[in-house]
Amino acid sequence: MQETLLEFFKKTGRPHRLEEILHRFGLEKREAKAHLKALVARGLLEKKGSRYFLANRVQGPLSLHRDGYGFVRLPEGDLFIPPGYTGDAWPGDLVEARVMPPGRDGRPWGVVERVLKRARERLVGTLDFRKGRALLLPDEPNLPELPLAPEGLEGLRRGSRIVVQVHYGKRPYGTFLAYLGEGEAPETETEAVIAKYGLRAEFPEEVLKEAEAIPLEIPEAELRRREDFRGLRVFTIDGVDAKDFDDAIHVERLPGGYRIGVHIADVSHYVKEGSLLDQEAFLRGTSVYLPGRVLPMLPERLSNGVCSLRPGEDRLVLSVLVDLTEDLKVKRVRFREGVIRSVARLTYTEVEAFAEGFDLPEEHAFLAEDLRLLLDLTQRMREKRLKEGALDFAFPEVKVEVGEEGELHLIPQAEPKARSLIEELMLLANRLVAEYLVQKGLPGLFRVHEEPVQDAYEKLRQALARLGYTLPPKLSGHALQKALLASRGRPEEPVVAYLVLRSLRLARYAPENLGHFGLAMEHYLHFTSPIRRYPDLVVHRVLKAALRRTLTPARKARWQEAFPAIAEHASEMERKAEAAERELTKYYMAKWAELHVGERFLGKVTGVANFGAFVTLPNGVEGLVRLEALGPYTYSEEAMALLGPKGRRIRLGDEMEVRIAGANPRLRQVDLLPVEEAPQKTKNRKEKAKEVEMRKVVGPPKDRARDTRPERATVNTIYFGEWTPKEPEEPRPERTRARKKRRR
């Protein structure tokens with residue numbers, strides 16, 4: 001609602017009284033005042049007397065260019081900050097900027113007035129010594145060299161990789177925290193990434209002791225208290241190398257329908273609220289799956305032991321039992337505390353092979369009928385979900401595997417039917433738990449994904465129109481999905497997908513139910529992975545309190561007060577985990593390329609820029625073919641292509657044979673060179689005359705292949721699956737009176 005109110009103020013461009021807001025939106029006075037107060041607190045609105053109006057200050061993360069200028073990133077469009085007006089802010093800092101009147105180019109610009117929140121408390125970099133002073137050369141680009149206090153640096157050599165604590169002020173400096181190693185060995189890079197994002201690698205001793213005190217055996221009294229599902233064919237499906245099995249499934253045929261059971265490890269039985277284990281799990285927020293290393297949310301005794309749903313062992317679960325009609329309508333839902341004994345541990349590879357017509361391994365053959373039924377049901381669930389407007393992105397995933405002796409493998413994830421089976425069942429359980437909490441008026445941690453703001457959607461419409469895809473003026477999930485499906489198999493497919501993705505807001509956790517636009521669900525949360533996600537553990541506690549009728553008013557009030565901070569922290573830790581996984585994956589991809597210098601591959605162009613073309617190899621590694629290596633090509637932003645002589649073009653989706661020229665793992669960069677085609681033999685006059693004569697005899701010359709794809713498009717550059725906005729030309733703000741005073 002806050003975003004809707006903000007859009008209203010921007011559209012009208014004038015102040016409004018509270019009474020106008022009440023009349024316009026039909027809100028209760030208390031609710032409207034709360035939303036307006038929140039917008040004022042965020043610095044987006046100001047209040048003078050009884051009127052609210054758009055603030056001339058904005059808040060957002062700052063990105064800085066090496067030439068000194070920057071941008072405050074805002075949902076409605078970035079605000080340009082000229083050189084000299086960025087204050088003492090660093091890249092990524094959350095800043096407040098004053099919006100200045102438009103300059104000669106007609107565009108507003110800003111001045112950073114204060115830093116609201118620093119993006120980093122620690123820095124990772126290389127130790128250097130100059131003129132008797134110690135300096136840190138940060139790994140991150142566009143960060144200044146940081147003077148270091150001498151304490152703790154004794155015995156360290158130039159070139160050591162270290163972690164320092166940053167002390168901000170007029171003259172920022174750093175203090176030594178940890179030594180990571182020398183150079184850029186994989187172990188050093190892993191430690192550097194862990195330190196950079198503030199991840200927790202080791203468990204405190206007292207937390208491990210608390211975990212070890214948990215008994216492996218389940219008391220008989222606890223087994224008798226729960227519903228017994230051990231007689232059902234319950235099984236798990238996970239990756240080949242998975243160890244923490246937190247979800248199991250089963251299916252039954254019923255007269256006129258089906259029953260699906262989704263059984264989730266009852267972590268809350270072992271991790272009590274407020275315990276040391278709980279506090280550590282909250283701080284971590286999520287398990288982090290780095291290439292070659294896992295940082296679990298819970299100690300191994302729980303994550304791979306008493307909570308993991310291993311085959312043939314009794315395990316405590318929180319179950320969702322769903323009765324469906326033949327046309328997949330939910331007829332009945334039950335939530336139960338139960339106990340299971342998994343009959344089999346299947347892998348995605350086995351299930352995918354079965355879906356393609358191969359037999360299951362002999363020891364799992366008894367599950368063939370169950371799997372066949374589940375594959376059919378979940379495929380129909382998926383089709384139904386997409387018809388309701390859910391967005392389906394088909395981004396290729398590549399898994400990095402690091403062997404015990406350092407050998408490196410890049411493995412594309414290619415088990416779509418098997419993974420879809422589990423995904424659909426988890427989506428169903430998550431949705432039904434969310435609906436239950438909302439219907440009962442219970443507190444919860446919801447997984448929310450708000451719809452795009454109008455400005456972002458309008459920019460998407462214009463961009464897709466240049467690619468030949470039409471979106472309606474009014475936001476529609478169905479229209480977005482239609483565009484995604486229409487682009488499948490076409491050269492511009494990755495561009496369409498990334499443009500749509502960029503227009504969407506980030507999914508996050510919230511204490512209120514705001515719906516999930518991407519999934520086209522009114523109610524949604526995370527319930528199915530309590531071993532590796534803290535919000536799921538919190539939801540388990542709420543659901544169990546409701547089932548046991550122990551949710552007292554005092555407990556409910558306490559949760560409602562605590563959940564906003566938990567949601568914000570969980571969202572932040574999720575973003576850090578994803579960034580760490582992505583960065584280390586880039587490192588290993590560059591490391592792989594370093595081992596294959598000189599080898600040739602047939603790749604696809606996945607990005608074009610004024611300095612070259614980005615090409616993705618079949619295993620997901622992406623590198624840059626620099627413009628000077630391509631020849632006399634020029635970049636056309638409108639054509640979304642590199643234009644060369646004699647009508648040649650290099651466009652997104654084009655195939656290009658390349659050779660790996662070099663790699664820099666530290667900078668996560670791969671350099672490629674185009675493989676030149678062998679020159680064709682020049683035809684002599686007699687051969688040319690014969691060819692002309694043949695054309696006359698056989699018929700007219702063949703039509704030249706016409707390119708029906710539209711020419712006009714604007715797109716950001718993709719590199720390693722990330723988007724880096726193309727830096728626009730620096731607008732020159734008009735010299736205002738305030739600026740003249742500053743110069744004096």
Engineer: Using 30° and 60° as the class boundaries, would you call the ring planes of W592 and H596 parallel, tilted or perpendicular?
Structural biologist: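 Rings of W592 and H596: parallel, as their planes differ by under 30°.
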Engineer: Restricting to non-hydrogen atoms, name the atom on P61 and the atom on L94 that form the minimum distance, rounded to 0.1 Å.
Structural biologist: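 Looking at all heavy atoms of both residues, the closest pair is N-CD1, 3.9 Å.
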Engineer: Is it true that T616 and E622 share a donor-acceptor pair across their side chains at a distance under 3.5 Å?
Structural biologist: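 Yes - a donor-acceptor pair under 3.5 Å links their side chains.
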Engineer: Can you find a heavy atom in the side chain of P473 that is under 4.5 Å from one in the side chain of E458?
Structural biologist: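 Not in contact.
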Engineer: With distance as the sole test, does R502 use its side chain to make a donor-acceptor pair with the main-chain N or O of L460 at under 3.5 Å?
Structural biologist: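 Between the backbone of L460 and the side chain of R502 there is no qualifying donor-acceptor contact (under 3.5 Å).
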Engineer: Against E189, only a single residue in K591, K196, R161 fulfils salt bridge (charged side-chain N to carboxylate O under 4.0 Å, His left out); can you say which?
Structural biologist: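 In the set K591, K196, R161, the residue that makes a salt bridge (charged side-chain N to carboxylate O under 4.0 Å, His left out) with E189 is R161.
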Engineer: Would you name the heavy atoms of G87 and V112 that are closest together and state the gap between them?
Structural biologist: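 Looking at all heavy atoms of both residues, the shortest contact is N-CB, 4.5 Å.
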Engineer: Are L290 and I194 close enough, and set up right, to give a side-chain contact (heavy atoms from CB on, under 4.5 Å), and what steps lead you there?
Structural biologist: CA-CA 9 Å; L290 301 173; I194 290 171; 3.9 Å; yes
Engineer: Do the side chains of K604 and E493 get close enough for a salt bridge, i.e. N-O under 4.0 angstrom?
Structural biologist: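 Salt bridge: no.
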Engineer: After noting the C-alpha distance and the side-chain angles of E574 and R508, does the key distance pass the salt bridge (charged side-chain N to carboxylate O under 4.0 Å, His left out) rule?
Structural biologist: CA-CA 9 Å; E574 177 188 51; R508 60 186 176 89; over 6 Å; no
Engineer: Anything under 30° is parallel, anything over 60° is perpendicular, the rest tilted; go ahead and classify Y85 against W109.
Structural biologist: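 Rings of Y85 and W109: perpendicular, as their planes differ by over 60°.
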Engineer: Would T190 and Y587 count as a side-chain contact (heavy atoms from CB on, under 4.5 Å) here? Give the steps.
Structural biologist: CA-CA 9 Å; T190 300; Y587 165 79; over 6 Å; no
Engineer: Take atom CZ of R118 as the centre, draw a 6.0 Å sphere, and report whether it contains more than 12 heavy atoms from other residues, nucleotides or ligands.
Structural biologist: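 Counting other residues, nucleotides and ligands, CZ of R118 exceeds 12 neighbours.
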Engineer: First locate atom CG of L484, then atom OH of Y469, and finally report the distance between them rounded to the nearest 0.5 Å.
Structural biologist: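 It comes to 9.5 Å.
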Engineer: Assess the residue pair R649 and D654 against the criterion (salt bridge (charged side-chain N to carboxylate O under 4.0 Å, His left out)); give the C-alpha distance rounded to whole Å, side-chain angles, the decisive distance to 0.1 Å, and a yes or no.
Structural biologist: CA-CA 9 Å; R649 287 183 294 178; D654 286 352; over 6 Å; no
Engineer: Give a yes or no on whether the backbone of A390 and the side-chain of Q481 come within a donor-acceptor separation of less than 3.5 Å.
Structural biologist: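 Flag set: sc Q481 to bb A390 pair under 3.5 Å.
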Engineer: Measure the shortest side-chain to side-chain distance between H478 and K482 over non-hydrogen atoms and say whether it is less than 4.5 angstrom.
Structural biologist: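 The answer is no, as the side chains (C-beta and beyond) never meet within the 4.5 Å cut-off.
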Engineer: Closest approach of L79 and A97, non-hydrogen atoms and distance?
Structural biologist: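 Reported closest heavy-atom pair: CD2-CB, 4.2 Å.
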Engineer: Would you mind reporting whether D67 and P83 have side-chain heavy atoms less than 4.5 Å apart?
Structural biologist: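 They are not in contact (no side-chain heavy atoms under 4.5 Å apart), so the answer is no.
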Engineer: So which atom in P291 and which in L584 form the shortest heavy-atom distance, rounded to 0.1 Å?
Structural biologist: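 That would be CD-CD2, 3.8 Å.
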Engineer: Over all heavy atoms of both residues, which pair between S503 and A456 is shortest? Give the atoms and the distance, please.
Structural biologist: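 Result for this residue pair: O-CB, 3.8 Å.
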Engineer: Does the side chain of L630 reach to within under 4.5 Å of the side chain of P674, using non-hydrogen atoms?
Structural biologist: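 Result yes, sub-4.5 Å side-chain heavy-atom pair found.
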Engineer: If you define the side chain from C-beta out and look only at heavy atoms, does anything of L123 sit under 4.5 Å from W90?
Structural biologist: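 Yes; the side chains approach each other to less than 4.5 Å.
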Engineer: Tell me whether R461 contacts the main-chain N or O of L471 through its side chain, where contact means a donor paired with an acceptor under 3.5 Å.
Structural biologist: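 Confirmed, R461 side chain pairs with L471 backbone.
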Engineer: With rounding to the nearest 0.5 angstrom, report the CZ to OH distance, R120 to Y197.
Structural biologist: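 Rounded to the nearest 0.5 Å, the CZ-OH separation comes out at 9.5 Å.
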Engineer: With rounding to the nearest 0.5 angstrom, report the CG to OH distance, N610 to Y635.
Structural biologist: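 Output value for this atom pair is 7.0 Å.
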Engineer: Could you tell me whether the side chain of F517 reaches within less than 4.5 Å of the side chain of L475, counting heavy atoms only?
Structural biologist: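 Side chain of L475 against side chain of F517, heavy atoms only: contact under 4.5 Å found.
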Engineer: Determine the interplanar angle of the Y69 and F71 rings, folded into 0 to 90°, and report it as parallel if under 30°, tilted if 30 to 60°, perpendicular if over 60°.
Structural biologist: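 Taking F71 first and then Y69, their aromatic rings stand perpendicular (interplane angle over 60°).
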Engineer: If we ignore hydrogens and angles and just use 3.5 Å, is the side chain of R668 paired with the main-chain N or O of P665 as donor and acceptor?
Structural biologist: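 Yes, the answer is positive, given that a donor and an acceptor are paired below the 3.5 Å cut-off.
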Engineer: Does the D93 side chain pair with the main chain of V95, one donor and one acceptor, at a distance under 3.5 Å?
Structural biologist: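 Side chain of D93 to backbone of V95: no pair is present.
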Engineer: Rounded to the nearest 0.5 Å, what's the gap from CG on L480 to CG on L501? Could you check?
Structural biologist: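 If I round to the nearest 0.5 Å, the distance is 11.0 Å.
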Engineer: With salt bridge (charged side-chain N to carboxylate O under 4.0 Å, His left out) as the criterion, how do E356 and K417 come out once you've worked through the C-alpha distance, each side chain's angles and the decisive distance to 0.1 Å?
Structural biologist: CA-CA 9 Å; E356 296 297 330; K417 295 178 182 177; 3.4 Å; yes
Engineer: Evaluate salt bridge (charged side-chain N to carboxylate O under 4.0 Å, His left out) for E388 paired with R385, printing each intermediate quantity in order.
Structural biologist: CA-CA 5 Å; E388 292 171 352; R385 187 167 57 83; over 6 Å; no
Engineer: To the closest 0.5 Å, what do you measure between OG (S63) and CD1 (I81)?
Structural biologist: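 Atom-to-atom, S63:OG and I81:CD1 are 9.5 Å apart.
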Engineer: Would you mind reporting whether L617 and E599 have side-chain heavy atoms less than 4.5 Å apart?
Structural biologist: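 E599 vs L617: side chains apart.
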Engineer: List the steps, then state whether side-chain contact (heavy atoms from CB on, under 4.5 Å) holds for M521 with H449.
Structural biologist: CA-CA 10 Å; M521 291 184 183; H449 185 220; over 6 Å; no
Engineer: Examine distances only and state if a side-chain atom of E96 and a backbone atom of E113 form a donor-acceptor pair shorter than 3.5 Å.
Structural biologist: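 Such a contact is absent between E96 side chain and E113 backbone.
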Engineer: Might you work through the side-chain contact (heavy atoms from CB on, under 4.5 Å) test for L672 and L624, ending with a clear yes or no?
Structural biologist: CA-CA 6 Å; L672 304 173; L624 174 65; over 6 Å; no
Engineer: How about CZ on R488, more than 12 heavy atoms from neighbouring residues, nucleotides or ligands closer than 6.0 Å, or not?
Structural biologist: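 Check passes, neighbour count above 12.
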Engineer: When rounded to the nearest 0.5 angstrom, what distance separates CZ in R659 from CG in L673?
Structural biologist: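 CG of L673 is found 5.0 Å from CZ of R659.
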Engineer: Would you call E383 and K387 a salt bridge, taking side-chain N to carboxylate O under 4.0 Å as the test?
Structural biologist: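 Salt bridge between E383 and K387, a charged N being under 4.0 Å from a carboxylate O: no.
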Engineer: Which pair of heavy atoms, one from K474 and one from Y457, lies closest together, and at what distance?
Structural biologist: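 So the two residues come closest at O-OH, 3.4 Å.
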Engineer: State whether the side chain of N142 and the backbone N or O of L64 hold a donor-acceptor pair below 3.5 Å, judged by distance alone.
Structural biologist: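 At least one qualifying donor-acceptor pair exists.
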